[in-house]
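Values reported hereafter were calculated over all heavy atoms of this structure, with side chains retained and with hydrogens, waters and symmetry mates removed.
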Amino acid sequence: MGRPRAFDEEEAVRAAVGLFGGRAYDGVSVDDLVGHLGVHRNSLYKTFGSKRGLYLTALRRHLADDLRPLLETLADAPDVAAVLRLVTSADLGLLLLAAVERAPVDEEVATEVRTALAAVDRAIADALGVPADMAAALTSAALGILLRGNPDDVGAALARRLDSLTGERNPTWQ
């Protein structure tokens, strides 16, 4: 008969989100996970199967804990500026790292990333009443601003420019 689990799986997954979100998949070794999470190597493998298994669990937790609340908040966004402000202030580090590092080489990660980005696109389209392609462009712009750290308040400048192009405070693109 095996020993009972000596660690809190939820706590370990939350800690893994932070670790992978800060250093990316390739920047985290199994030794890093064991040391940082306080989990024995055998327990880690028994519970998650592999480093990749823990990574997928952490990515899904990140999407549930960090992306889902953003999607709910986006539903009430009154304008482009609010959308950009909400997305650029969200904690989406692990999603961005997954998109650039793991999605190109791991189809399961790619599916999670595509699904997450499509959900952001839909939330923006619904909130602003814009077509899907415009929402996707706004998602891309917002994530790019987030990735770059919003130098020179790019998000506010972009929102002002989009609003001035439409001549409305609450634009509807057709």
* To do: Write down the atom of L138, the atom of L84, and the distance for their closest heavy-atom approach.
  => O-CD2, 4.2 Å
* Euclidean distance, M134 CE relative to I124 CD1, rounded to 0.5 Å -> 11.5 Å
* E72 CD to L67 CG distance, which is reported to the nearest 0.5 Å -> 10.0 Å
* Basic-acidic side-chain contact under 4.0 Å: R23, E101 -> no
* Salt-bridge present (R52, D106; N to O < 4.0 Å) -> yes
* Structure fact -> To the nearest 0.5 Å, atom CZ of F48 lies from atom CG of L33 at 9.5 Å
* To do: Tell me whether L94 is reachable from L147 by hopping between hydrophobic residues (I, L, V, M, F, W, Y) whose side-chain heavy atoms are closer than 4.5 Å.
  => yes
* Are T57 and R60 close enough, and set up right, to give a side chain to side chain donor-acceptor pair (under 3.5 Å), and what steps lead you there? -> CA-CA 5 Å; T57 302; R60 290 175 181 130; 5.5 Å; no
* Asked: Do side-chain atoms of K51 reach the backbone of L44 as a donor and acceptor pair under 3.5 angstrom?
  -> no
* To do: May I ask you to say whether R102 pairs ionically with E108, meaning some side-chain N is under 4.0 Å from a carboxylate O?
  => no
* Geometric class of the F20/Y55 ring pair [parallel <30°, tilted 30-60°, perpendicular >60°] -> perpendicular
* To do: Check whether L97 and V13 end up in the same hydrophobic cluster, where Ile, Leu, Val, Met, Phe, Trp and Tyr are linked by side-chain heavy atoms less than 4.5 Å apart.
  => no
* Nearest atoms (heavy-atom pairs only) where A64 meets P69 -> O-CD, 3.6 Å
* **Distance in Å, E112 CD paired with L59 CG, rounded so as to fall on 0.5 Å steps** => 5.5 Å
* V113 to A103 - nearest heavy-atom pair and separation -> CG2-CB, 4.4 Å
* To do: Could you go through the side-chain contact (heavy atoms from CB on, under 4.5 Å) check for D126 and L74 one step at a time?
  => CA-CA 9 Å; D126 292 347; L74 281 171; over 6 Å; no
* Pair D66, H62: side-chain N/O donor-acceptor within cut-off below 3.5 Å -> yes
* **Smallest separation among heavy atoms of P104 and A98, with atom names** => CD-O, 4.5 Å
* If you look at every heavy atom in G53 and S50, which pair is closest and at what distance? -> N-OG, 3.0 Å
* Structure fact -> Correct closest heavy-atom pair for A15 and L37 would be CB-CD2, 3.2 Å
* To do: Would you mind reporting whether R114 and T111 have side-chain heavy atoms less than 4.5 Å apart?
  => yes
* Structure fact -> To the nearest 0.5 Å, atom CG of L71 lies from atom CZ of R122 at 8.5 Å
* Working for side-chain contact (heavy atoms from CB on, under 4.5 Å), residues T47 and V39 -> CA-CA 10 Å; T47 303; V39 175; over 6 Å; no
* To do: For the residue pair L95 and L117, establish whether any side-chain heavy-atom pair is separated by less than 4.5 Å.
  => yes
* Asked: Roughly how far, to the nearest 0.5 Å, is CG of L70 from CG of D65?
  -> 13.0 Å
